[in-house]
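Treat the numbers as computed from the prediction; the structure is a model and nothing was measured. So that the names make sense, note that chain A is the first sequence line, chain B the second, and so on, each numbered from 1.
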Amino acid sequence: MKEVKLYALSTCIHCKDTKEYLDKCGVDYECVNVDKLDGEQRRQLIEEIRKDNPGCAFPMLFIGPKVIIGFRKEEIKEALNLE
Amino acid sequence: MNVEQLYEFLKKTQEAKGYFFNGDTSRVFQLLEGLLDNRDRYGYMCCPCRLAANDRDWDRDIICPCAYREPDIAEYGSCYCGLYVSKEWNEAAIPHSYVKERRPPEKVFGRI
């Protein structure tokens with residue numbers, strides 16, 4: 001099983017769509033709400049996000065080595081190998 | 001102002017300018033709740049789908065309605081978060097495509 005990790009914003013509707021879709025697919029994932037972090041923790045994470053997501057757009061979803069920015073159902077489905 | 005009052009106020013003032021709420025009212029209310037959450041924590045209603053810097057002047061471009069709504073609606077028929085759309089978008093007369101982030105990266109990373 002690929003590791004699935006989601007960087008989201010607590011108020012973002014596209015992030016909610018992504019969470020609902022992952023839940024519907026029965027995927028186990030870790031979710032970090034970046035807007036809820038502060039100080040050094042937030043700064044460090046944003047620097048990390050920047051490497052793969054220069055526009056810092058959310059949701060940012062890691063499925064194994066793949067990074068998907070924005071709620072893109074077809075790409076998520078493909079990366080999870082779902083039919 | 002509660003969410004219902006915000007809905008009524010914005011509907012009236014924005015529709016008069018040609019910007020319509022998304023036809024999916026449940027999404028509209030979730031987005032308006034996000035705006036109110038942001039008002040409570042930052043003191044200004046910035047876009048619920050963007051990371052705020054907690055600095056009103058710096059985030060002026062993403063205070064709703066954001067500075068990118070006009071070009072996004074002209075290009076996609078929808079703003080970035082999908083709160084505001086065109087009449088044609090609501091009538092499904094144009095495709096509902098993914099709205100790319102138009103905010104320059106230096107605005108996002110300028111105030112980490």
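- Residues of residues 26-39 of chain B placed with any heavy atom under 4.5 Å of a heavy atom in chain A are listed by number as R27(B), Q30(B), L31(B), G34(B), D37(B), N38(B).
- Residue D28(A) places its CG atom among 12 or fewer non-hydrogen atoms of other residues, nucleotides or ligands, all under 6.0 Å distant.
- Contacts of residues 7-20 of chain B with chain A at a heavy-atom distance below 4.5 Å are absent; not one residue qualifies.
- Residues I13(A) and P48(B) have side chains not in contact (no heavy-atom distance under 4.5 Å, counting atoms from C-beta outward).
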- Task: Step by step, work out the side-chain contact (heavy atoms from CB on, under 4.5 Å) result for E101(B) and N53(A).
- Result: CA-CA 11 Å; E101(B) 173 60 295; N53(A) 182 1; over 6 Å; no
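- In this structure, the side chains of L51(B) and R42(A) come closer than 4.5 Å at one or more pairs of heavy atoms.
- Inter-residue side-chain proximity for D35(A) and R50(B) is flagged as unmet; no heavy-atom pair is nearer than 4.5 Å.
- Two residues are said to be in side-chain contact when any heavy atoms from C-beta on lie closer than 4.5 Å; K107(B) and C56(A) fail this criterion.
- For residues 14-25 of chain A, a heavy-atom distance under 4.5 Å to chain B picks out H14(A), K16(A), D17(A), given by residue number.
- Residue N33(A): no heavy atom, backbone or side chain, is found under 4.5 Å from chain B.
- Close approach to chain B, defined as a heavy atom under 4.5 Å from one of its heavy atoms, is seen in I69(A), G70(A), F71(A), R72(A) of residues 65-74 of chain A, taken by number.
- Among S10(A), A8(A), P54(A), A57(A), the residue with the largest count of heavy-atom pairs under 4.5 Å with chain B is P54(A).
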